[in-house]
Every structure is written in C-alpha cells, then in structure tokens.
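This report concerns only the one structure given below.
Nothing here was measured: the structure is a model prediction, and the numbers come from that model.
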Amino acid sequence: MKRMGMAVLVLAMGVGFGLGGCSTAGKVKRTLALNDLHIRAAVAEDEGDWDEAYSLWSEYVDRRPQSALAEYRLGQVEMQLGLYRDAAGHLRVAHDLQPGNVEYIEALAEALVASGEQDALMNLMRRTAEEGPDGSGYLRMGRYAQQAGLLDEANEAFQLAIVQARVTSPEPYIAMADFAQAIDNTDLEIRNLRYALWFDRTNQTINARLQDLGMIPGPSLALRPEF
C-alpha cells in the first residue's frame, strides 16, 4: 500500500506541475544523454578509436555548441586524424569561450602550425603573450614560431622573454640556447648556456652541453646576464 501511495503522489505532483514537470524531466534526460556521449567519447579516445571519438564528440558539439571542453576534445581528436584545419576551427571556439586557458591556447597553436596558418598563429601568440606565468607567453611564442619555421619571429620572442625575465630565471636563456643549437649558431648557444649557468654553476646538464661544445666546464664559465 505504501508503494501505491508513493506512485499516486508522484502522479499528482506531475499533474500539479503540468508542463513544467515534463520540461524538467526532458532536461534531465538530455543531460544524462550528453553525459553518456561524453563517457563513450572519452573511452574511445583512451582506446585510440579516433573515428568513433570523432563521431561522438561531433554529436556532442552539435547538441551543446557552447561547451569549451567538447570543442577542445573534438579539436584534439581531429588533430589525431590529420584534420588540422577543422581542428583549428574547433580549438579556436574553445579558446574564444575560455581565452585565458593556456592549454587551449597551446592546442590551438599546434593546430595552426600543423595547418600552415602562420599569420593566425603569430596573431594568437601576440594576443596571448601575457597569459600564463611571467615570461612564459614569449617563450611560448618563440617555441611555436620556431616550429612554424618563422626563425626571425622566434629569435625576437626569445629575446623578449629574456628581457622580461631579466635575472630571475635561467629558462629563457636555455630556450635561446636551444634555438641557437637548432640554427647552428654555436657562439649564441655557448653565450646563453653560460648565462644560464650563472643561476646554478654546478648544473651538470648545462656543463655537459658546454663541454660538448669544446668548453672546459667549471664555475668560471658562468656569465652574469646582461639584462
């Protein structure tokens, strides 16, 4: 009798709320369906089934187009499938929805590099140079400019990172040394490694790199940065 009473109560509540009750039930059903799509898409990603993940995330985005996370995940799947321009489109939406999200900025940058959109890449890098910890925006700009083959822009960005960091971190000097190595500029590489060594004269990695470049390792190699 108690169960029958509860059923009658629920029915009465449904009648009492009218269309509002139906609307709530429909909303819950749609939410549960979206959650199921999310779970299935994530499982497909984990299993490396990119076609299935693409289908599921595409459906999710069609049904909830203002989800930054879904746009991001769909863009990441499209990168795996080699759909670089499509990926850039969805990752741009994710970035527009959450412009301060560094993970979304970097994902969009990777898609723009892969799709050869150099102007869009540098525009993005300049607009987001202040996002993230101090100096990291210019390091990010340099890294992606280098990946895109924009060597002058990369060099300028690493210089800006050095100026911004001044004498607070070896990271921009190491980044510049790595860039110098990539363009076969040994003198520039040595100089920036010596600047980086000033922050930690016993750093074995930096000393080993300098030794490989023909320098005799030791504390005297350290140079105080000029900035």
Side-chain angles (χ1 to χ4, degrees), residues 37-38 40-133 135-162 164 171-172 174-185 189:
L37 274 176
H38 188 150
R40 288 164 56 202
V43 169
E45 285 185 70
D46 289 341
E47 293 177 348
D49 189 347
W50 303 114
D51 289 330
E52 177 70 3
Y54 173 76
S55 175
L56 292 167
W57 279 123
S58 294
E59 182 179 350
Y60 193 108
V61 166
D62 286 343
R63 295 171 61 181
R64 181 170 288 178
Q66 295 302 306
S67 170
L69 176 62
E71 297 279 1
Y72 167 73
R73 297 286 285 272
L74 176 56
Q76 292 291 72
V77 169
E78 287 169 330
M79 288 291 287
Q80 292 290 335
L81 291 170
L83 303 173
Y84 302 129
R85 289 190 179 276
D86 290 343
H90 288 110
L91 292 167
R92 187 177 284 109
V93 173
H95 168 61
D96 289 344
L97 291 168
Q98 293 186 13
N101 188 315
V102 173
E103 188 175 10
Y104 292 177
I105 292 170
E106 294 188 345
L108 176 55
E110 289 171 6
L112 293 173
V113 170
S115 60
E117 299 179 57
Q118 295 180 337
D119 290 343
L121 170 69
M122 294 311 299
N123 182 46
L124 173 70
M125 292 294 96
R126 293 185 183 101
R127 285 190 291 106
T128 60
E130 301 303 319
E131 300 295 344
S136 65
Y138 290 111
L139 288 174
R140 180 170 60 243
M141 184 187 299
R143 185 170 72 251
Y144 287 113
Q146 183 179 348
Q147 287 183 24
L150 301 171
L151 300 185
D152 289 341
E153 289 84 349
N155 180 55
E156 181 181 358
F158 289 131
Q159 290 286 3
L160 288 170
I162 287 171
Q164 190 172 53
E171 187 176 4
I174 294 172
M176 180 60 88
D178 291 342
F179 172 70
Q181 183 183 54
I183 63 173
D184 294 321
N185 189 331
E189 181 182 2

Please set out all donor-acceptor pairs under 3.5 angstrom arising from side-chain atoms of residues 145-152, sequence neighbours excluded.
none

Sequence neighbours left out, cut at 3.5 Å: what donor-acceptor pairs do the side chains of residues 176-185 make with other protein atoms?
| residue | atom | partner | partner atom | Å |
| --- | --- | --- | --- | --- |
| Asp178 | OD1 | Arg209 | NH1 | 2.6 |
| Asp178 | OD1 | Arg209 | NH2 | 3.3 |
| Asn185 | OD1 | Leu188 | N | 3.1 |

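The two residues Pro172 and Ile162 come nearest to each other via the heavy atoms CB-CG1, 3.7 Å. Here the closest heavy-atom approach between residue Ala109 and residue Leu124 is recorded as N-CD2, 3.9 Å.
Annotation: side chain of Val102 is not in contact with side chain of Thr128 (no heavy-atom distance under 4.5 Å). A 4.5 Å side-chain heavy-atom check between Met125 and Glu153 finds every atom pair outside the cut-off. The shortest side-chain heavy-atom distance between Trp57 and Glu71 does not fall under the 4.5 Å cut-off. Side-chain contact between Val93 and Gln66 is absent, with no heavy atoms from C-beta onward closer than 4.5 Å. Counting only heavy atoms from C-beta outward, the side chains of Glu45 and Gln80 never approach each other to under 4.5 Å.
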_Run Val77 and Leu83 through side chain to side chain contact (heavy atoms under 4.5 Å, CB included) and show every step you take._
CA-CA 9 Å; Val77 169; Leu83 303 173; over 6 Å; no
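Identified under the salt bridge (Lys or Arg N to Asp or Glu O under 4.0 Å) test for residues 86-108, with sequence neighbours left out: Arg92-Glu117, Glu106-Arg143. Pairs passing the ring pair (Phe, Tyr, Trp, His ring centres under 6.0 Å) check and including a residue from residues 77-121, sequence neighbours excluded, read Tyr72-Tyr104.
Here Glu110 pairs with nothing under the salt bridge (charged side-chain N to carboxylate O under 4.0 Å, His left out) rule; sequence neighbours left out. Every residue two or more places apart in sequence or in another chain was checked for a ring pair (Phe, Tyr, Trp, His ring centres under 6.0 Å) with Tyr138, and none qualifies.
One distance of note links CE of Met122 with CG of Leu112; it measures 11.5 Å at 0.5 Å rounding.
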